[in-house]
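Okay, so here's the structure we're looking at.
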Amino acid sequence: MGALPYLKFAGPVLDEATIAGVGDVLRSGHLASGPWVRRFEDSLSGFCGGRPVRVLTSATAAVEVALQLAEIGPGDEVITCAQSFFTVLNMIVKAGATPVFVDCDLVTRNLDLDAVEAAITPRTRAIMPTHWPGSLPDLDRLYELARARKLRVIEDAALVMGSQWKGRNVGAIGDLVTFSFHPNKNITSIEGGALVVNDAAEAARVESLRFHGIVYLPDRTRDVAFPGGKFNLPDVNARIGHAQLLQLPTFLTTRRALAERYFERFATDPACVLPPRPQPGDGQSWNMWSVLLPLDRLGIDRRQFRDALEARGIGTGVSYEALHLSTLGRRYGGKEGLFPNAERISRETVTLPLHAAMTASDVDRVASAAADVIAAAHA
Ligand SMILES: Cc1ncc(COP(=O)(O)O)c(C=O)c1O
């Protein structure tokens, strides 16, 4: 029997029609932002319950622009979760604001709303949660809290395109919401991201912030009143993103079935901590499936576990390193022991392969390999 093909831990499904569509755009003469950007934004707006959506070159750019839109800067505090991707820490710091970390739930990994409430000070301007596949924080409570204290909310929804809160898509409710279209996400535009805003005035401001800060004057000249960035999405990327959005329901169904298979098949001894199990009709999406390894009882460390899977042709990831323990996070008071759940996740988490090109037998292969490696390490 030949070696099995390498199984990536994440990646996109791009069909031939999408690839052909890219050729059409290249021949159309619109290489920068053009009609496909508007079409993609219209479709995204439909997905987000009619709210205005603007696309940018990444979710990181979307978070940067969201912070500028909310006029958050020096002297302001932004409450965010210690268990998230570097984007949130980096962009808060780049805005000149101070990141204030809170811990998360060990299983759902969503930020702890009691801790958010306790962290609010007179300088707090915004709450920035990162949503996790498999469950959302209580968005009713989050927005009640924000409204009562007049705080902005910037939802980092990079991992949860297609998750629903009480039957409505993430993005269709709330304040500012950001999505990522990186190739590892639920849909891709290769690189790309989106920012959901509240009204036409905010949308116009985003258009300016993503394109040099330019405003157009009646005499057909331009002016700049604040330093904008250069984050406009090219039409080729918008064409891909538009095609991918149409396929999102299929991708979500496949991902959900694969996650369910992981829950059926994932039995290791000693046991791993698993994500929250999906319930029928719970409206959750599955961008990734990450477990916590029982490292305290194994004879190997996480690096060795990942290397052993890699040697079997199975890719893995780490989602994520604790932000407060990064060199940058430590400049804002981060140190060991402050956020036990985020720190344990950071030490023990492994992201296993999950993407819409996989089959149930791929999941079986990963589950068997993980169980073998853990059994051998424990023997
Ligand atoms: C949770 C989270 N937020 C934000 C981002 C940033 O996305 P992008 O690569 O589109 O900037 C990522 C990317 O991996 C992410 O995982």
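Note that ligands are numbered from 1 as they come in the structure, with each ligand's atoms numbered from 1 the same way.
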Under 6.0 Å between ring centres, would you say that holds for Tyr320 and Trp132? yes

How does Ala158 reach ligand 1, if at all, at less than 4.0 Å between non-hydrogen atoms: by side chain, backbone, both, or neither? side chain

Atom indices of ligand 1, in the order listed, that fall short of 4.0 Å to a heavy atom of Ser58: 10 (O), 11 (O)

Quick check: Asp156 and ligand 1, any N/O pair under 3.5 Å apart? yes

Protein contact of atom 6 (C) of ligand 1 - nearest heavy atom, named by residue and atom, plus distance: Thr87 OG1, 3.4 Å

Do we get Arg205 above Phe226's six-membered ring, with its NZ or CZ under 6.0 Å from the centre and within 45° of the axis? yes

min-distance protein heavy atom vs atom 12 (C) of ligand 1 -> Phe85 CD2, 3.5 Å

Counting heavy atoms under 4.0 Å, the part of Val63 that contacts ligand 1 is neither

Give the intermediate values and the outcome of salt bridge (Lys or Arg N to Asp or Glu O under 4.0 Å) for residues Arg152 and Glu202. CA-CA 13 Å; Arg152 297 300 300 253; Glu202 284 192 348; 3.1 Å; yes

What do you reckon, are the aromatic ring centroids of Phe211 and Tyr216 less than 6.0 Å apart? no

Atoms of ligand 1 close to Thr130 [distance to a heavy atom under 4.0 angstrom, numbered from 1]: 1 (C)

Going by the atom numbers of ligand 1, which of them fall below 4.0 Å from some non-hydrogen atom of Ser180? 7 (O), 8 (P), 10 (O)

Centre-to-centre under 6.0 Å for Trp289 and Phe263, is that the case here? yes

Is the shortest N/O to N/O distance between His182 and ligand 1 below 3.5 Å? no

Geometry only, no angles: is Tyr320 polar-contacting ligand 1 at N/O separations under 3.5 Å? yes

Within a distance under 4.0 Å of any heavy atom of Gly192, pick out the atoms of ligand 1 and give their elements. 10 (O)

Taking the ring centre of each residue, are Trp36 and His242 less than 6.0 Å apart? yes

Test of proximity, Phe181 against ligand 1: N or O pairs below 3.5 Å: no

Over all heavy atoms of both residues, which pair between Glu343 and Gly337 is shortest? Give the atoms and the distance, please. OE1-N, 2.8 Å

Option whose closest heavy atom lies nearest to atom 7 (O) of ligand 1, chosen from Ala157, Ser319, Ser84, Ala59: Ala59

Heavy atoms from other residues, nucleotides or ligands near CZ of Arg222 exceed 12 (cutoff 6.0 Å): no

Taking non-hydrogen atoms only, is Thr60 closer than 4.0 angstrom to ligand 1 via side chain, backbone, both or neither? both

Student check: side-chain heavy atoms of Lys166 and Ile173 closer than 4.5 Å: no

Using 30° and 60° as the class limits, which term best fits the ring planes of Phe179 and Phe47: parallel, tilted or perpendicular? perpendicular

What protein heavy atom is closest to atom 14 (O) of ligand 1, reported as residue, atom name and distance in Å? Lys185 NZ, 2.8 Å

